[in-house]
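Working notes for the structure below.
This chain uses plain numbering: 1 for the first residue, then up along the sequence. If you're wondering where the values come from, they're calculated on a predicted model, not measured in any experiment. Order of appearance sets the numbers: ligands from 1, and atoms from 1 within every ligand.
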Amino acid sequence: MTAITPQPGIMDIALYEGGASQIDGVSNVVKLSSNENPFGPSEAAVEAYRRAAFDLHRYPSTDHAKLRAAIGEVHGLDPERIICGVGSDEIITFLCQAYVGPGDEVIHTEHGFAMYRISTLAAGGTPVEVPERERVTDIDAILDAVTDRTRLVFLANPNNPTGTMIGEAELARLADALPPHVLLVIDGAYAEYVEGYDGGAALIDARETVVMTRTFSKLYGLGGLRVGWGYGPKPIIDVLNRVRGPFNLSTAALAAAEAAIRDRDWAEKCRTDNTRLRAWLAEALAEHGVPSDTSTANFILARFGSADEAEACDAYLKTQGLIVRRVGSYKLPHCLRITVGDESACRRVAHAIGQFKGGAR
Ligand SMILES: *Cc1c(COP(=O)(O)O)cnc(C)c1O
């Protein structure tokens, strides 16, 4: 027994499990388990990253002014109300650190992203899970769960791992109905994949109690660099900046992210290819008897008849060099989350699932 013990809540955190990336004894493996961009980042981003090598003896910018300006230009947002973090995970951490303590409650949905629970527990707070309706966010279930102790509501839109989303009118209804002591956090990790969706920016501009988180890890193909950002009312961004370390983002990460967001052609190509391939993959799986909800993100949630069938299919896909994501820890043991890869990856997945369903076990 040691007298050195962590803060309450810390030992309740289950370690985050990332998507697998290799299979022993199988070559030509395709990783479709972490919703990464199959086309990789913009060439301009890679070039900016290389150029940053010449400045490695210098500390990076502390205020991220250039990156915030670029984000502001592209999205039509006030750079003064943007904060950048080491992935949007860090923004989620800042929010919990700044607003949640022992006795406080944080609401997330049934199949919601694991980091909401992890960051809440790390801050000493209590995660409160609310049901979804057939794998879709249920605004009324969220509102029913609010108490005097509720501090934050985390909502991914589009959601992961379901791929579903709710419309802007529903989001506005939630924002309007929440009491003034509750901050609504709209996680827009996949917002870039939805044409014409602002991720909740207009809602934020009209209210004092809504923020959004965004990332360079998905559409921009920079998951390895760890860059994300948040946008919200000035007083809240000021609070988050107090808990942010001054040098949280490296020179290379800042430069690559700025180049990535300025390369609109690459972003648009990745978005439209994803939309096309996602529709093709969903239909091909449906033809093999594997349905999925209409996805608005860069993955689909394939539904099987049972947890056993999903597990068997996952095992078969592995023998074919295809790594997808089991989502039992998200209370979806009968499903597999499959990232939309490039055309050849989509064909391989569809073919393998067809073989599996046809009895190739
Ligand atoms: C991938 C993902 C993130 C992004 O995490 P980063 O830390 O920015 O890489 C955030 N929220 C959800 C729901 C995600 O799926």
Side-chain angles (χ1 to χ4, degrees), residues 16-19 21 31-38 40-41 45 64 67 71 82-97 106-120 122 127 129 132 135-137 152-166 171 184-194 197 199-200 211-231 240 244 248-250 253-254 256-257 260-261 270 274 295-301 324-325 327 329-332 335 337-340:
Y16 185 89
E17 271 188 56
S21 58
K31 183 186 177 198
L32 302 170
S33 56
S34 298
N35 299 341
E36 294 151 336
N37 182 335
H64 313 145
L67 177 57
I71 294 168
I82 293 171
I83 178 172
C84 300
V86 178
S88 48
D89 280 359
E90 195 182 33
I91 309 294
I92 294 169
T93 303
F94 292 158
L95 284 161
C96 290
Q97 210 181 328
V106 175
I107 294 175
H108 65 82
T109 65
E110 185 177 1
H111 309 300
F113 189 44
M115 289 310 300
Y116 309 147
R117 182 181 160 82
I118 291 175
S119 292
T120 299
E129 179 190 303
E132 297 184 21
R135 299 170 303 281
V136 180
T137 297
L152 304 175
V153 171
F154 280 109
L155 179 59
N157 203 45
N159 209 345
N160 171 20
T162 59
T164 60
M165 75 182 290
I166 57 170
L171 272 183
L184 172 62
V185 185
I186 304 172
D187 178 338
Y190 303 96
E192 279 82 0
Y193 286 104
V194 185
Y197 173 52
V211 300
M212 71 174 168
T213 61
R214 304 287 287 262
T215 187
F216 283 89
S217 301
K218 307 287 161 55
L219 182 81
Y220 293 107
L222 291 174
L225 266 194
R226 316 301 306 125
V227 188
W229 53 282
Y231 176 70
L240 301 183
R244 176 176 72 80
N248 59 330
L249 286 174
S250 70
L254 289 166
I261 200 165
C270 294
N274 177 73
S295 171
T296 53
N298 67 339
F299 56 86
I300 64 174
L301 184 70
V324 302
R325 183 68 161 259
V327 281
S329 66
Y330 286 97
K331 305 198 167 176
L332 295 162
C335 297
R337 193 191 69 192
I338 307 172
T339 302
V340 177

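- Taking both residues in full, the closest heavy atoms of Gly199 and Ile186 are given as O-CG2, 3.6 Å, listed atom of the first, atom of the second, then distance.
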| Run the side chain to side chain donor-acceptor pair (under 3.5 Å) check on Arg337 and Asn160 step by step: do they pass? | CA-CA 9 Å; Arg337 193 191 69 192; Asn160 171 20; 2.8 Å; yes
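- Of the polar atoms of Tyr116, none of the N or O atoms is found under 3.5 Å from an N or O of ligand 1, judged by distance alone.
- Protein heavy atom at the shortest distance from atom 9 (O) of ligand 1 is Ser217 OG, 2.6 Å.
- Residue Thr215 approaches ligand 1 through these ligand atoms, each under 4.0 Å from one of its heavy atoms: 6 (P), 8 (O), 9 (O).
- Interface of Lys218 with ligand 1, defined as ligand atoms under 4.0 Å from a residue heavy atom, comprises 1 (C), 2 (C), 3 (C), 4 (C), 14 (C), 15 (O).
- Across all their heavy atoms, Met115 and Ile92 have their closest contact at O-CG2, 4.1 Å.
- Rounding to the nearest 0.5 angstrom, the gap separating the CG atom in Asn159 from the CE atom in Met165 is 10.5 Å.
- Ala189 counts as a contact of ligand 1, since one of its heavy atoms falls under 4.0 Å from the ligand.
- Distance check: Asn298 CG to Tyr190 OH gives 6.0 Å after rounding to the nearest 0.5 Å.
- Within the structure, ligand 1 has Tyr190 among the residues with a heavy atom less than 4.0 angstrom away.
- The nearest pair of heavy atoms linking Asn37 to Gly221 is CB-CA, 3.7 Å.
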| message | For a salt bridge (Lys or Arg N to Asp or Glu O under 4.0 Å) check, start with the C-alpha distance between Glu129 and Arg117, then their side-chain angles and the critical distance, and finish with the verdict. | response | CA-CA 9 Å; Glu129 179 190 303; Arg117 182 181 160 82; over 6 Å; no
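- Scanning the protein for heavy atoms near atom 4 (C) of ligand 1, the closest one is Ser88 OG, 3.2 Å.
- Distances from atom 12 (C) of ligand 1 to the heavy atoms of Val86, Asp187, Leu225 put Asp187 nearest.
- Minimum heavy-atom separation, Trp229 to Ile91: C-CG1, 4.0 Å.
- Which parts of ligand 1 touch Asn160 is read off a 4.0 Å heavy-atom cut-off, strictly below it: atoms 13 (C), 14 (C), 15 (O).
- At the top of the distance list for atom 7 (O) of ligand 1, counting protein heavy atoms only, stands Arg226 NH2, 2.7 Å.
- In the vicinity of Gly87, heavy-atom distances shorter than 4.0 Å reach the ligand 1 atoms 6 (P), 7 (O), 8 (O).
- Every N/O-N/O distance between Arg214 and ligand 1 stays at or above 3.5 Å.
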